[in-house]
Trainee: 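I'd like to ask you about the structure that follows.
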Number of protein chains: 2
Amino acid sequence: MQKATYTRGQISAKTGCKLETVRYYEKAGLLPPTARSRSGYRLYAEEDARRLRFIRRCRELGFSISDIRDLLGIVDKRTYNCADIRAVTQVRIADVKGKISDLKKILKTLENMSAKCPSGTGKDCPILEALEK
Amino acid sequence: MQKATYTRGQISAKTGCKLETVRYYEKAGLLPPTARSRSGYRLYAEEDARRLRFIRRCRELGFSISDIRDLLGIVDKRTYNCADIRAVTQVRIADVKGKISDLKKILKTLENMSAKCPSGTGKDCPILEALEK
DNA sequence: CTTGACCCTGTACTTGATACAGACTTTATA
DNA sequence: TATAAAGTCTGTATCAAGTACAGGGTCAAG
């Protein structure tokens, strides 16, 4: 009984990772080199699909490729430590919080600037003045 | 009476734009090519400093280089329209709002994941399970 | 047998800088 | 005045995280 295999196009459709991105993840070391058909086509297994979905989910949550490499490295150890994964996640949470707070400041500034604009067609635009500080 | 001129290092210090970044902005078309000394050194004027500070401020507020090119294009017209500037700013505001909302969703997911983790050293990490979806 | 769809590799492009190599110029110090 | 140090010049490489070709080989259907 053979294991099911998929071509790159098939695994791409199956996981939602774009065709070229799959190759990119292989080159980036997130996906181990697959088996190849006699003519050199990559042959992906079910396990690769799971891994790709994991990577995709992590990317959606903003983990960097290098974060994901760390996470997968931890996972790939037969005996991993839950605390290690938690640590990576906590750093990510702090990062997201920081970004939200930065963006809120930026938003406030932009809205203040925009509010001063009489929405007219005149010159001496108050937005420009604010931008020149 | 000569106008004051600055070298790249001087204008960099004066505006807070890093040395190499000044050259980059020139290449990117945000800063017009400056006058040159006999030996080929760039000579910046007061006007360039104003322009660089404007660019820097825009970047701090997250405007892209191409946004800034647009803004400067509008400003450089002798007769600009305040509404045009307002339009660019409004798009930027919408963009920032979108990013904040995306990041909030991400944060919630990350925190939910992390909250399930018993912070222990066990296996079957609930964060991993959540990441595999 | 040929057409079209798929896959292969390697490379270039994107954004917004940053950094370096190797050469030249200017300034400061001895 | 000589020389060393600091500054500037150009062109190119690097980063992240892909995306998009070009120029080939391969596979299935008609």
Side-chain angles (χ1 to χ4, degrees), chain A residues 5-31 33-45 48 51-52 54-72 88 91-92 95-96 99 102 106, chain B residues 5-31 33-45 48 51-72 91-92 95-96 99 102 106:
Chain A
T5 58
Y6 309 93
T7 64
R8 192 149 58 99
Q10 285 165 346
I11 204 127
S12 162
K14 212 169 137 70
T15 60
C17 290
K18 289 197 189 150
L19 202 63
E20 297 281 351
T21 306
V22 175
R23 188 163 63 114
Y24 170 74
Y25 287 157
E26 179 182 326
K27 209 178 63 184
L30 301 189
L31 214 52
T34 59
R36 296 290 183 123
S37 76
R38 208 162 323 140
S39 59
Y41 283 25
R42 287 174 184 80
L43 298 174
Y44 295 93
D48 296 312
R51 203 170 174 92
L52 274 172
F54 178 86
I55 294 168
R56 207 170 106 83
R57 180 93 172 110
C58 288
R59 288 294 301 129
E60 279 168 13
L61 292 173
F63 288 98
S64 71
I65 297 295
S66 135
D67 286 341
I68 300 174
R69 207 164 9 231
D70 291 351
L71 284 170
L72 287 170
V88 178
V91 170
R92 180 77 198 113
D95 180 38
V96 172
K99 277 187 182 138
D102 289 351
I106 287 170
Chain B
T5 58
Y6 310 92
T7 64
R8 192 147 60 98
Q10 286 166 346
I11 204 127
S12 162
K14 211 169 137 71
T15 61
C17 289
K18 288 198 189 150
L19 201 64
E20 297 282 351
T21 306
V22 176
R23 188 164 64 115
Y24 169 74
Y25 287 156
E26 179 182 325
K27 209 178 63 184
L30 301 189
L31 214 53
T34 59
R36 297 289 183 123
S37 76
R38 209 163 321 142
S39 59
Y41 283 25
R42 287 173 183 81
L43 297 174
Y44 295 92
D48 296 312
R51 204 169 174 95
L52 274 172
R53 271 191 295 262
F54 179 87
I55 294 167
R56 207 169 107 83
R57 180 94 173 113
C58 288
R59 288 294 301 130
E60 279 168 13
L61 292 173
F63 287 97
S64 71
I65 296 295
S66 133
D67 286 340
I68 300 174
R69 210 167 3 235
D70 291 351
L71 285 171
L72 287 170
V91 170
R92 180 79 198 113
D95 179 39
V96 172
K99 278 190 181 136
D102 289 350
I106 287 170

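In what follows, every chain begins at residue 1, and chains take the letters A, B, ... in the order their sequences are listed.
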Trainee: Drop me the distance from A:Y25's OH to A:I55's CD1, to the nearest 0.5 angstrom.
Mentor: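 Atom-to-atom, A:Y25:OH and A:I55:CD1 are 6.5 Å apart.
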Trainee: Output the rounded distance in Å from CG (B:L30) to P (C:dT15).
Mentor: 12 Å
Trainee: Between B:R23 and B:E20 (salt bridge meaning N to carboxylate O under 4.0 Å), is one present in this structure?
Mentor: yes
Trainee: Tabulate below the donor-acceptor pairs under 3.5 Å that side-chain atoms of residues 8-17 of chain A make, not counting sequence neighbours, or state none.
Mentor:
unit_1	atom_1	unit_2	atom_2	d
A:R8	NH1	A:L19	O	2.9
A:Q10	OE1	A:T7	N	2.9
A:S12	OG	A:C17	O	2.7
A:S12	OG	A:L19	N	3.4
A:K14	NZ	A:E46	OE2	3.0
A:T15	OG1	A:I11	O	2.7
A:T15	OG1	A:C17	N	3.3

Trainee: Would you say B:R42 places a side-chain N or O within less than 4.0 Å of OP1 or OP2 belonging to D:dT10?
Mentor: yes
Trainee: Just by protein heavy atoms under 4.0 Å, how would nucleotides 21-30 of chain D read 5' to 3' in B, S and -?
Mentor: B---BBS---
Trainee: OP1 or OP2 of D:dA17 less than 4.0 angstrom from a side-chain nitrogen or oxygen of A:T21, does that happen here?
Mentor: no
Trainee: In whole angstroms, how far is the C1' atom of C:dG16 from the CG atom of B:L52?
Mentor: 15 Å
Trainee: What distance do B:L43 atom CG and B:D48 atom CG have between them, rounded to the nearest 0.5 Å?
Mentor: 10.0 Å
Trainee: Starting at CZ of B:R36 and ending at P of D:dG7, how long is that distance when rounded to a whole Å?
Mentor: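 So the CZ-P distance, B:R36 to D:dG7, works out to 19 Å.
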Trainee: Go through the steps to decide whether B:V22 and B:E26 satisfy the test side-chain contact (heavy atoms from CB on, under 4.5 Å), and finish with yes or no.
Mentor: CA-CA 6 Å; B:V22 176; B:E26 179 182 325; over 6 Å; no
Trainee: Just to confirm, is there a sub-4.0 Å distance from OP1 or OP2 of C:dA17 to any side-chain nitrogen or oxygen of B:R56?
Mentor: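 The answer is no; no side-chain N or O of B:R56 sits under 4.0 Å from OP1 or OP2.
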Trainee: Which residues in residues 59-68 of chain A have at least one heavy atom lying under 4.0 Å from any atom of DNA chain D?
Mentor: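 Result for residues 59-68 of chain A: A:R59, A:S64, A:I65, sorted by number.
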Trainee: Going by salt bridge (charged side-chain N to carboxylate O under 4.0 Å, His left out), name the residues that satisfy it together with A:R59, two or more places apart in sequence or in a different chain.
Mentor: none
Trainee: Between P on D:dT12 and NZ on B:K27, what's the gap in Å once rounded to a whole number?
Mentor: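 Answer to the nearest Å: 10 Å.
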Trainee: Name all residues meeting the salt bridge (charged side-chain N to carboxylate O under 4.0 Å, His left out) criterion together with A:D67; count only those two or more places apart in sequence or in a different chain, and write none if there are none.
Mentor: none
Trainee: Is B:Y25 close enough to C:dG16 that one of its side-chain N or O atoms is under 4.0 Å from OP1 or OP2 there?
Mentor: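 Looking at the OP1 and OP2 atoms of C:dG16, neither is under 4.0 Å from any side-chain N or O of B:Y25.
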Trainee: Without decimals, in angstroms, what is the distance between B:I55 CD1 and C:dT15 C1'?
Mentor: 16 Å
Trainee: Please round to the nearest 0.5 Å and tell me the distance separating atom CG of B:D102 and atom CD of A:E60.
Mentor: 11.5 Å
Trainee: Carefully, step by step, assess A:R92 and A:F63 under the rule side-chain contact (heavy atoms from CB on, under 4.5 Å).
Mentor: CA-CA 7 Å; A:R92 180 77 198 113; A:F63 288 98; 3.7 Å; yes
Trainee: With rounding to the nearest 0.5 Å, note down the distance linking NZ in B:K99 to CD1 in A:I106.
Mentor: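 Rounded to the nearest 0.5 Å, the NZ-CD1 separation comes out at 9.0 Å.
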Trainee: Of all of residues 8-19 of chain B, which get a heavy atom below 4.0 angstrom from DNA chain C, listed by number?
Mentor: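 The stretch gives B:K18 as the residues lying under 4.0 Å from the strand, ordered by number.
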Trainee: Can you check side-chain contact (heavy atoms from CB on, under 4.5 Å) on A:Y24 and A:I65, steps first, answer last?
Mentor: CA-CA 11 Å; A:Y24 170 74; A:I65 297 295; 4.2 Å; yes
Trainee: A:Y24 has an atom OH; how far is it from atom P of D:dA16, in whole Å?
Mentor: 7 Å
